[in-house]
Amino acid sequence: MMEQIYPLLVVALGFGVLGITGFGSALISVPLLAWVWPLQQVVPLVLVIDFVASLVLGGLQWKLIRLRDLLGLFGWILAGVVLGAGVSTIPGVLQSGVLLMGLGLYVAWVGWQGLRGHAAAEGHLFQRPAASGLAGGVIEVLWGTSGPVIVSHLVQRIEDPLVLRAHISLTLMFISGLACVSMGLTGRATHPEVLAWLPQMLGVSLVSMVIAHQWSKRAPVTQVRRAILGLLLVSGLALLVQGLRQFTTT
């Protein structure tokens with residue numbers, strides 16, 4: 001029975017976090033589901049759910065979105081996804097953990113600085129749309145965990161936590177959709193036995209996300225921003241551990 005319930009509990013947790021902070025679903029779901037299914041099959045499955053959930057969440061917050069502020073970033077994300085699709089075909093690159101460790105350290109630093117009330121230095125790498133868009137696109141295609149890079153960019157540009165969350169959701173919808181297309185074109189598909197879980201997991205993820213989102217609207221805005229920064233710190237450390245694990249096993 002636990003084998004039947006476990007995947008649904010994982011997506012309920014991951015997408016509940018998405019409803020509160022606007023990101024983090026893949027960071028939670030991918031490593032936990034990798035305990036029961038191969039990682040290369042988990043990533044495409046979670047990306048499909050992430051795309052649908054982010055689309056719904058973006059719709060719930062559409063009035064807060066200033067689309068013109070994201071167009072430049074979207075162009076660089078598209079370029080990053082194309083680059084990531086090419087990189088993913090290089091033998092062994094999906095198992096390399098060095099870049100993932102560096103990314104984890106950077107993301108954890110951004111979250112920690114934000115929690116301490118210290119803004120990142122002006123001109124830091126991922127403040128620039130070109131750097132964050134390219135890196136986010138590549139990371140989404142390879143590991144499905146671009147959220148921390150996108151958030152570390154947007155959190156420096158948007159002060160209002162509710163507007164920030166809305167922009168995070170829309171950006172992740174865009175990037176996960178592109179990543180799904182690129183995986184289909186490069187032949188990275190989920191096994192039919194794993195894919196059969198999609199309808200159940202999609203239903204559970206959407207319900208948990210909407211409930212969490214409705215609850216978060218009643219939370220003080222300062223708590224929402226701290227929750228986003230706190231998850232940024234935790235996700236950075238999780239990426240560091242995941243990268244270290246990949247590095248030591250290759």
Side-chain angles (χ1 to χ4, degrees), residues 1-19 23-56 81 84-85 87-97 99-101 103-104 137-148 172-173 175-209 212 231 234-250:
M1 181 175 293
M2 190 59 192
E3 292 178 356
Q4 298 296 317
I5 296 175
Y6 177 76
L8 301 180
L9 292 176
V10 169
V11 295
L13 174 62
F15 286 85
V17 170
L18 176 70
F23 81 111
S25 51
L27 286 163
I28 293 172
S29 302
V30 168
L32 291 179
L33 289 176
W35 285 99
V36 294
W37 297 318
L39 181 63
Q40 63 269 25
Q41 295 179 20
V42 168
V43 171
L45 177 69
V46 172
L47 279 180
V48 171
I49 302 173
D50 224 8
F51 170 73
V52 177
S54 297
L55 180 62
V56 173
V81 168
V87 171
S88 69
T89 62
I90 301 174
V93 73
L94 294 175
Q95 289 74 41
S96 175
L99 293 178
L100 204 56
M101 291 166 62
L103 171 65
V138 171
I139 291 165
E140 187 75 359
V141 172
L142 297 183
W143 301 295
T145 54
S146 66
L172 293 185
M173 180 274 292
I175 197 171
S176 59
L178 288 177
C180 287
V181 172
S182 74
M183 286 186 176
L185 293 176
T186 55
R188 290 176 62 192
T190 301
H191 192 277
E193 291 184 5
V194 177
L195 192 61
W197 281 84
L198 180 60
Q200 305 171 62
M201 297 175 76
L202 189 57
V204 170
S205 65
L206 291 177
V207 170
S208 62
M209 181 198 71
L231 184 57
V234 172
S235 63
L237 295 175
L239 287 171
L240 175 62
V241 171
Q242 184 180 348
L244 182 61
R245 182 181 176 187
Q246 289 186 7
F247 179 75
T248 56
T249 56
T250 55

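Remember, it's a predicted structure, so these values are computed and weren't measured experimentally. Basis for what follows: all heavy atoms, side chains included, without hydrogens, waters or symmetry-related copies.
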Could you report the tightest heavy-atom contact between [X] and [Y], atom names first, then the distance?
| X | Y | answer |
| --- | --- | --- |
| Ser182 | Val141 | OG-CG2, 3.6 Å |
| Phe15 | Asp50 | CE2-OD1, 3.5 Å |
| Val56 | Met209 | CG1-CE, 3.8 Å |
| Met173 | Phe51 | O-CD1, 3.2 Å |
| Ser208 | Ala12 | OG-O, 3.3 Å |

Inset, instruction - Can you sort out the partners of Val234 under side-chain contact (heavy atoms from CB on, under 4.5 Å), two or more places apart, ordered by chain and number? - result: none

Inset, instruction - Check for a donor-acceptor pair, side chain of Ser205 on one end and backbone N or O of Leu202 on the other, with a separation under 3.5 Å. - result: yes

Legend entry - Ser146 backbone acceptor or donor facing Glu140 side chain under 3.5 Å: yes

Please report the interatomic distance [atom1]([X]) to [atom2]([Y]), rounded to the nearest 0.5 Å.
| X | Y | atom1 | atom2 | answer |
| --- | --- | --- | --- | --- |
| Leu172 | Leu55 | CG | CG | 12.5 Å |
| Ile49 | Ser25 | CD1 | OG | 9.0 Å |
| Met201 | Leu8 | CE | CG | 7.0 Å |
| Leu18 | Leu13 | CG | CG | 11.5 Å |

Legend entry - For Ser29, all residues meeting side chain to side chain donor-acceptor pair (under 3.5 Å), sequence neighbours excluded: none

Legend entry - side-chain contact (heavy atoms from CB on, under 4.5 Å) assessment of Gln4 paired with Trp197: CA-CA 10 Å; Gln4 298 296 317; Trp197 281 84; 4.0 Å; yes

Inset, instruction - Please test Leu45 against Leu198 for side-chain contact (heavy atoms from CB on, under 4.5 Å), starting from the C-alpha separation and ending with a verdict. - result: CA-CA 7 Å; Leu45 177 69; Leu198 180 60; 4.0 Å; yes

